[in-house]
Amino acid sequence: MPELPEVEVVRRGLQSWVAGRKINEVYVHDARSIRRHQDGLADFIATLQGTTIIDIVRRGKFLWMPLDGVPGGAALVAHLGMSGQLLVEDSTAANEKHLKITFDLSASAAKPEQLRFVDQRIFGGMLIAPLVPTTDGAPGGQGSQAATVPQAASHIARDVLDLNFDIESFHRRLRIRRTSIKRAMLDQGLVSGVGNIYADEALWEAQMHYARPTDTLRRPDTVRLVDALSTIMDRALAAGGTSFDQLYVNVNGASGYFSRSLNAYGRNGQQCHRCADEGKLSLIRRDAFMGRSSYWCPACQRVPRNARF
DNA sequence: GGTCCGTCCTGTGGGC
DNA sequence: TGCCCACAGGACGGAC
């Protein structure tokens, strides 16, 4: 599934291929993909036609494209969910099985004329939202100089790759929570862009158990965790940047990052890499947690006292 | 207000 | 072979 680094690769691709181009026509093949657009299908199409995509901005896993030509300022917002793809293709290319929305773009030398939103599981979607000022006055996200964010994404916190991510504020907010660290990491209002896979990987990296109460975190613990998240995402971004075709802005969960080496996620019953390096035998465990799976090493991620399951 | 759970979805794989 | 069911998970709405 698209994680934050994959979404950043998509953003960069769209910046090259789509920014500055006009939307001539919009075809919505499955209205479920715009169900979060409150004003309905007809409004979605009518608002977009004739506008120009100014930029491509990302915060966490949210992407948005500020639009020129919408009174008051607005952006086309996209979330890829678990299976979403944004593809730049020629109109002669066959429709994908799960094609949901097609945008016909203005002609541009040697650039394909369509942007397509493809989504198998329909956990993702698109909508148009007004742009509102950021609460901290800093640019809204990666790829933007403007201190604005779509209203529909204004509750989303900054991610750890954002230059304006405030670790002090993050630590304070963690401390006053009465929950476990993994729940907090998956709360997009605290820190964005962390999914189940990277939560487990970062916790393994930081040698922290997923059920550790957030109010027991000391500042060095928070720093260690944020460092772990940054390291893992930087690593994935560096690896993923080369795994995509230059022409197609392709997010495909089956390729790219799933070949990356994981230390915890999906390794139930396998030897912990860190423990193995230290000559110890410890097998990664899988627990059901939050209706999801949590993978962790019982030896180097000790269950804390007062664990909050 | 904070926290947590059910729901939305479809493809895959295991069991019968 | 074909059917059924469990499972995977990001984000949101609603219950508590």
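So that the names make sense, note that chain A is the first sequence line, chain B the second, and so on, each numbered from 1.
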Taking for A:A152 and for A:R286 the nucleotide of DNA chain C with the nearest heavy atom, the one nearer the 5' end belongs to A:R286

Considering only C:dG10, B:dT3, C:dA8, which nucleotide approaches the side chain of A:S293 most closely? C:dA8

Rounded to whole angstrom units, what separation is found between the CG atom of A:L190 and the P atom of B:dG2? 10 Å

Kindly determine whether A:T51 and A:K22 satisfy side chain to side chain donor-acceptor pair (under 3.5 Å), including the steps that lead there. CA-CA 6 Å; A:T51 62; A:K22 184 177 169 185; over 6 Å; no

How about A:Q114 and A:D104: does a side-chain donor come under 3.5 Å of a side-chain acceptor? yes

Enumerate the residues from residues 94-102 of chain A whose closest heavy atom to DNA chain C is under 4.0 Å, giving them by residue number; use none for an empty result. none

Parallel, tilted or perpendicular for A:Y210 and A:F289, by the 30°/60° rule? tilted

On DNA chain C, more 5' by nearest nucleotide between A:Y295 and A:H79 is A:Y295

Just checking A:R302: does its CZ atom have more than 12 heavy atoms from other residues, nucleotides or ligands closer to it than 6.0 angstrom? no

Whole Å only: how far is the CG atom of A:L262 from the C1' atom of C:dA8? 15 Å

What is the separation between atom CD on A:E6 and atom C1' on C:dG9, rounded to the nearest whole Å? 14 Å

Rounded to whole Å, how long is the line connecting atom CZ of A:R177 with atom P of B:dG1? 13 Å

Salt-bridged, A:R158 to A:D136, with N to O below 4.0 Å? yes

If we check side-chain hydrogen bond (donor to acceptor under 3.5 Å, both in side chains) with A:H171, which of these qualifies: A:T222, A:T214, A:D221? A:T222

Might you work through the side chain to side chain donor-acceptor pair (under 3.5 Å) test for A:H273 and A:R267, ending with a clear yes or no? CA-CA 10 Å; A:H273 291 146; A:R267 299 194 64 246; 3.2 Å; yes

Would you sort out whether A:T216 and A:R212 count as a side chain to side chain donor-acceptor pair (under 3.5 Å), showing the intermediate values? CA-CA 8 Å; A:T216 68; A:R212 179 164 171 178; 3.0 Å; yes

Under a 4.0 Å heavy-atom criterion, the protein footprint on nucleotides 4-9 of chain B, written with B, S and -, is SS--BB

Closest approach of A:A75 and A:L131, non-hydrogen atoms and distance? CB-CD2, 3.9 Å

Whole-Å gap separating C1' (C:dG13) and CD (A:Q188): 16 Å

Crowded around A:D277 CG? As in, over 12 foreign heavy atoms under 6.0 Å? yes

From NE2 of A:H155 across to C1' of C:dG10 the rounded distance in Å is 11 Å

In whole angstroms, how far is the P atom of C:dG9 from the CE atom of A:M185? 15 Å

Applying side chain to side chain donor-acceptor pair (under 3.5 Å) to A:D287 and A:W296, what does each step give before you reach the verdict? CA-CA 8 Å; A:D287 289 355; A:W296 59 290; 2.9 Å; yes

Could you check if a side-chain atom of A:H209 sits within less than 4.5 angstrom of a side-chain atom of A:L203, using non-hydrogen atoms only? no

Contact class for A:F289 (heavy atom, under 4.0 Å): base, sugar-phosphate, or nothing? nothing

Degree of bending in the helix from B:dG2-C:dC16 to B:dC16-C:dG2 once both end axes are built from five pairs, to 10°: 50°

Taking CE from A:M82 and P from C:dC7, how many angstroms apart are they, rounded to a whole number? 15 Å

